[in-house]
Amino acid sequence: MSEQYQPHAIEVKWQRKWEATELYRSQVDWDKPKHYALTMLPYPSGDLHIGHWFAMTPSDARARWMRMRGYNVLFPMGFDAFGLPAEQAAISRNIHPWKWTYANIERMREQLRSMGAMFDWEREAISCTPEYYKWSEWFFKRFYEHGVAYRGSALVNWSETLQTVLANEQVIDGKDERTGQPVVQKMMEQWFFAITKYADELLDFEGMDWPESIKIMQTNWIGRSEGARATFHTETGGHPIEIYTTRPDTLWGATFMVLAPEHDLVARVTSDEQRAAVDAYVRQTAQETEIDRMVEDREKTGVFTGAYAINPVNDEKVPIWIADYVMITYGTGAIMAVPAHDQRDFKFARAHDLPIRVVIQPEGLAEPLTEPAMTEAYDGPGVMVNSDAMDGSVSTWRKGRKNPAINRVIDWLEATGKGEEAVNYRLRDWLISRQRYWGGPIPMMYADDQIIPVPDEHLPVELPEDVDFVPTGRSPLTYHEPFFKVDETLRRETDTLDTFMCSSWYQLRYLSPNCDTAPFAAEEAAYWLPVDVYTGGAEHAVMHLLYTRFFTKVLRDIGIYDDAAAAMRKNGRDPIGVFDEPMTVLRNQGQVLGGERQGDFVLCSGRVVGERMQAERVEVVDWNEVPAGFEGFFGEIGHRTENILHLNMAGVTSFVEVLPDAEIVIPHIPGENNVNQLQHHLDIQRMSKSKGNVVNPDELVAEYGADVVRCYLMFNFDWQKGGPWNENNIKGPQGWLNDVWKIAEAGAPSTPGDAAAERDIVRKLHQTIAIVNRGLEEFSFNTAIAEQMKFKNSLKAALRAQAIGADVWRDVMSQVIRLLAPFAPHIAEEIWARLGWEYSVHQQPWPQYDADKAREETVDLVVMINGKPRETIAVAADIARERAEELALASGAAQRSLAGNTPKRTIFVPGRNGGDPMVNIVV
RNA sequence: GAGGAAGUGGCGGAAUUGGCAGACGCGCAUGACUUAGGAUCAUGUCUCUUUGAGGUGAGGGUUCGAGUCCCUCCUUCCUCACCA
C-alpha cells in the first residue's frame, strides 16, 4: 500500500541531510561558470513575514535552477542588523539592542531554514557584529582619505520623534519614512558622503538590466537640469547674489528677485524699515515643517526686504523679496523671478503687485502677448523680445544648449563674464551620521578643532554595551565617558553610521565573512563579482539601490578592487567593467496584500435610542439570512470600534452599541462568545498588525508544509506585481504536489505502453521543459508551475488509459522530478530517493530541452474569415502555403462566406515555434 | 503639477510579444463512490436570440488580422513634488 504525502515527515529530514552533507556550500571553482544570486537581506525585526517568503522562495527556485543547469551558484543570506527598532525596543522594553537583535536573528534563522532554501550559511554576514562593522569603519576612513567623506554644516532633516537627523531619502512628504512623524529643517554639522560627485555616472545605466521604473526613479531623484548661473549684485552693498536658472533666455524678464527665508544674505540686505516684517516672516517660516510648505496651490506669501539688486544683463534695478516658495536646499537658494514666463513667479507677482514683462513672444498669435491680458505665465516657445541684442533669438521647447536662444544667451553671458553655463542636481550629498547608539561607530576623533582618524590598527571602534538609551537629541554615546574620552585632549565622534552604509556593501562581505585582513578576499571577489541577479522590493529605489551603486563606484575609484582585478587577470578573466556596478540584473517583486474578508452578518435586537441601537442580543447568521418578521438591525459588520458595530446593509450604515451584558451568539465559535470575536470587513490593503490581516508563514508551513507554501506563492501571483492573499487558492498547488506524489507512489506501470501515446507524452514533456525554462528565466514563476500542472494532468490521463510503459514512465518521472526540484525541493528529493535514484536530486543535471522531440506531427490549421477564426483543420506540421490555402478555401466556413465569389486575398502565416499555422481569407 | 505602471470571466491570473482570448488554478454545477463529505474520481463552466454571432475600462485609428501598436478620454496604483 502506498504512503500518503506528509510534508512534515520529510521536510525537516531533508533540511538536516542537506546541511549535514554541505549540499549548498559554494566554493570558488574557476572551471565552472559562476552565478551570484542575491536577495535583499532582512532586518531582524523578530518575525519572518510572508513578504520575506514571497521575495525569497522564488529567488531560491531560480538560483536552484541555475545550479542544476551547471552554474556554480552563490546564494547567501544575512542580516541588516543595525537600526532604530532595536534601540526603540531597548527604550520601551528595557532590553539591550544586542540581546534583542541576536534573539531575533536566532529565531529568523530557524524560520529561514524552514523555507528549504539553498542559502549557504557558511557565508552569513551580520552587519552589527564587530567583525562586520570593523570594515564599515575601515571604508569610512578610506572615503575620508579620498575626500568622499567630509564633515560639513548643512540644513538637515531633524526628526523630533527619533531625536536624530535623517537622509533626504528617508524623508517622504516632509515626514520620517519610518514613523510618519514630521521632520524639521535644522542647521547642523554632520558627516556627509559626496554622492553628488557621482551624479552623472549614476545617471548612466548602460549595460544594466534593471527595471525601467527604477532607472526612472533614480534619474528623477538625481534630477539633473541644465541652465546657467548668473550673479546679481545688490544696489548698495554690492553683495553678490548667485542664481541658477534653466531659462537664461528669460533673464531680461526678471522684474524682481526672491531669496529663500533661510538665505545667508537676508539679514545683511534687509533695510531698517523692513527689518521687523522680514524677521517676523523668517521666524514664521522657520516654524513651519516641510509639510506646511508643501501644501498644493499654497498662497504665495513673501516680504520685501527693502533692498534692490542690479540685473547684470540690462543693469535694471529690481526689488529683492523673500518667500518660502524658494527652497534653500535647491540651486543657490535664490532666484531671479520672471513672472511672465514662470507660473510661480507669475502668481507671486500678481499677489504682490509686482511688474510683469514679456520677453518671449509666442508666434502665430493674432495680438502680441502683453502683460495686462495675461492670466498665467507663458512657458512655451517663441521669439526673444525686449532683450536688447538677443532680440529675435528663437526659443524652443528644448532644454539647455539644445535650445538656440539659451545657447546664444549662455555664449553671450560667458563672453561678457556675466554668467556661465551650469548644471544643477536635485541630489544632495548623503548625510551619513546619526545621533543614535545602535549603529556602526564613526572612526574619527577630535582634538580641539582638529579631526583625527582612528588608526587602522585600532579598528574596530567597538560599541560599548553599558549605555543609557534615553533620547535627548544627542547620541547616547555622548554620555559614555569611557567611550568618547580617549585621553585628556582626544574625544571620539559619538554619532554612528546610517545603516544604509552597512547595507551598501554586504554583497561583498558575503564573499568572505570571516576574512579579518580585508573587507573581502580578493580571490573570492574576482570569481563571484558582480552580483548576477538581485531581487527585492522596489521601495529601495532611491535609497539602498542608489547608495550601493555609489559605494561600488567609490571602491573602484579608490583602488579597493585592484587585487581582485589582478586575480581575475591571473585566471584569464577580463576585469573591465566588472566593478563598475554592483548588480547586473535587478528584479523587483510586488507586494502580498491582505486578503479581502467579509464581515460577520449579524442580527441585533435591543432598544433603539435616537439613530443608534443599544443591543442586548447579537447573533451571527448565514449571509443575508434574515428571519421573516425580524424587527431589529441587521447587516454586515463593516467596522467595529470597541463595542460599537457599524452595520452595512444595502449601502446604508447603521450603528449598534453592544451593551456590556449583551448575549453574543457566534455559532461557529464554540463556548461563550464576546464582542471581540465578531469579525468586521477587511478590504484589500497592506498587511499590518494593527489591521489584523497579517499572514504568519510559520502557521502556513505547519498546516501545509514548506513546499506547498513555496508553490502557492509562486503560482498564485504575478511575482513582479504581487496581489491580495487568498488562502483558498492554496488547494491548487497542494493538489498538484499530491498528484505527483501519488503518481510516483503508484510505481512504474506493469502494462506495456502504446508507442503513439508514449511519443505524445514525451513531446508534451519537452514542450513543458521549454516553458518552465522560459518562466524561470523571466521570473514568470506562475506560468512555470502552471505548465508543470498541465503536464501532470496529461501524464495522469495517459496512465489511466494504460498507455505508458515502464521504461518511458521511468524516464519521464526522472525529468518531472528534476523540473519540480527548484520549486518544491523537499518533495522532489523524497520522491527521487523513493524511486531509487542517487542523492541528491539537486545535484542532477537540468532536463535538456529537445526541439525535435517537442515538435508536433499534426497541427490545427486555423481558417479565418476577415481575421475572425472560424474553423480548424488538422494538417501536417510542415504544411506548405499552397496546400494550406487550398484546404482553407475548401473549408465549410470559407464556402459559406464566399458563396461562390472569389476571395479578395488570402494570407498564410506558418506556425511559429511549433504553433498552429493560419490562413486568413478576406472576402 | 511632473513622471511611471496597470485596467482581461465570480476570483488569482495566462496569451510564444501583431496571429484560435480566457492556459493553469480557485470557486461553482452535475454525476459517481460513500453512513457522511470541507475526502477522492469523472464531466462541464465567457456571453447571446447558437447552421451562427459577439466579447479584453470607453471611444476612435492603423492593419488581411489588435488584449497587444497609435490618438483621445475614464479609473486605479506607485514615485517625485513651489526643482527656479
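All heavy atoms count here, side chains included; hydrogens, waters and symmetry mates do not. Note that the coordinates shown come from a computational prediction; the quantities given were computed from them, not determined experimentally.
Contact annotation: side chain of A:K300 to base of B:C82, donor-acceptor pair present below 3.5 Å.
Of the possible polar contacts, one joining the A:S794 side chain to the A:K790 backbone as a donor-acceptor pair under 3.5 Å is found. Side-chain atoms of A:T57 do not come within 3.5 Å of backbone N or O of A:F54 as any donor-acceptor pair. Distance alone, capped at 3.5 Å, is enough to place a donor-acceptor pair between the A:D429 side chain and the A:I195 backbone. For the pair A:N920 (side chain) and A:G867 (backbone), a donor-acceptor distance under 3.5 Å is present. Of the possible polar contacts, one joining the A:Q343 side chain to the A:A377 backbone as a donor-acceptor pair under 3.5 Å is found. A donor-acceptor contact shorter than 3.5 Å links the side chain of A:E871 to the backbone of A:A893.
Checking the phosphate oxygens (OP1, OP2) of B:G52, no side-chain nitrogen or oxygen of A:R870 falls inside 4.0 Å. In this structure, A:K215 does not reach the B:G4 phosphate: none of its side-chain N or O atoms is under 4.0 Å from OP1 or OP2. When the side-chain nitrogen and oxygen atoms of A:R426 are compared with OP1 and OP2 of B:A84, none of them lie within a distance under 4.0 Å. In terms of phosphate contacts, A:R896 brings a side-chain nitrogen or oxygen within less than 4.0 Å of OP1 or OP2 of B:G52. Residue A:N793 places at least one side-chain N or O closer than 4.0 Å to OP1 or OP2 of B:G25. Between A:R905 and the phosphate of B:C64, there is a side-chain N or O to OP1/OP2 separation shorter than 4.0 Å.
A donor and an acceptor atom, one from each side chain of A:Q767 and A:E856, are located under 3.5 Å apart. Using modelled atom types, one finds no donor on one side chain facing an acceptor on the other under 3.5 Å when comparing A:D324 with A:T285.
Between A:Y330 and A:I216, it is A:I216 whose nearest contact on RNA chain B lies nearer the 5' terminus. Residue-to-nucleotide proximity on RNA chain B shows that, of A:Y425 and A:T872, the 5′-proximal contact is made by A:T872.
Of the candidates B:A81, B:G19, B:A84, the closest approach to any side-chain atom of A:I335 belongs to B:A84. Taking the side chain of A:T246 as heavy atoms from C-beta on, and the options B:C64, B:C26, B:A84, the nearest nucleotide is B:A84. Listed candidates were B:A84, B:C82, B:C20. Nearest to the side chain of A:T245 is B:A84.
A:E727 is linked by a salt bridge (Lys or Arg N to Asp or Glu O under 4.0 Å) to nothing, counting only residues two or more places apart in sequence or in another chain. Taking A:F715 as the reference, nothing meets the ring-ring contact (aromatic ring centres under 6.0 Å, His included) condition, with sequence neighbours excluded.
B:G22 and B:U56 have their P atoms separated by 14 Å, given to the nearest Å. On the P atoms, B:U68 is 14 Å away from B:C20, given to the nearest whole Å.
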So which protein N/O to nucleotides 65-72 of chain B N/O distances come out below 3.5 Å?
none

Which protein N or O atoms sit under 3.5 Å from an N or O of nucleotides 41-48 of chain B?
{"residue": "B:C41", "atom": "OP1", "partner": "A:K796", "partner atom": "NZ", "Å": "3.2"}
{"residue": "B:A42", "atom": "OP1", "partner": "A:R800", "partner atom": "NH1", "Å": "2.4"}

Measure all distances between protein nitrogen or oxygen atoms and nitrogen or oxygen atoms of nucleotides 12-15 of chain B, and list the pairs falling under 3.5 Å.
{"residue": "B:G12", "atom": "O2'", "partner": "A:N716", "partner atom": "O", "Å": "2.2"}
{"residue": "B:G12", "atom": "O2'", "partner": "A:N716", "partner atom": "ND2", "Å": "3.4"}
{"residue": "B:G13", "atom": "OP1", "partner": "A:G722", "partner atom": "O", "Å": "3.1"}
{"residue": "B:G13", "atom": "O3'", "partner": "A:N782", "partner atom": "ND2", "Å": "3.0"}
{"residue": "B:A14", "atom": "OP1", "partner": "A:N782", "partner atom": "ND2", "Å": "3.1"}
{"residue": "B:A14", "atom": "O5'", "partner": "A:N782", "partner atom": "ND2", "Å": "3.4"}

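Using bins of under 30°, 30° to 60° and over 60° for the plane-to-plane angle, the ring pair A:W719/A:F779 lands in the parallel bin. Between A:F348 and A:Y325, the angle of the ring planes lies from 30° to 60°, which puts this pair in the tilted group.
One finds no salt bridge joining A:R247 and A:D342 here, because no Lys/Arg side-chain nitrogen approaches an Asp/Glu carboxylate oxygen to under 4.0 Å.
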key: Stepwise ring pair (Phe, Tyr, Trp, His ring centres under 6.0 Å) test for A:W725 and A:Y712   = CA-CA 10 Å; A:W725 181 259; A:Y712 165 71; 4.9 Å; yes

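Between the NZ atom of A:K399 and the C1' atom of B:A84 there is a distance of 12 Å, rounded to whole Å. Rounded to whole angstrom, the span from the CG atom of A:D916 across to the P atom of B:A21 amounts to 12 Å.
Contact annotation for A:M918: base contact, defined as any heavy-atom pair under 4.0 Å involving a base atom.
Pairs of Watson-Crick or G-U wobble type, with distances under 3.5 Å, assemble into runs of 3 or more in RNA chain B at these ranges: B:1-7 with B:74-80, B:10-12 with B:24-26, B:27-32 with B:40-45, B:46-48 with B:52-54, B:57-61 with B:69-73.
You'll find the ring centres of A:F781 and A:F717 outside the 6.0 Å limit.
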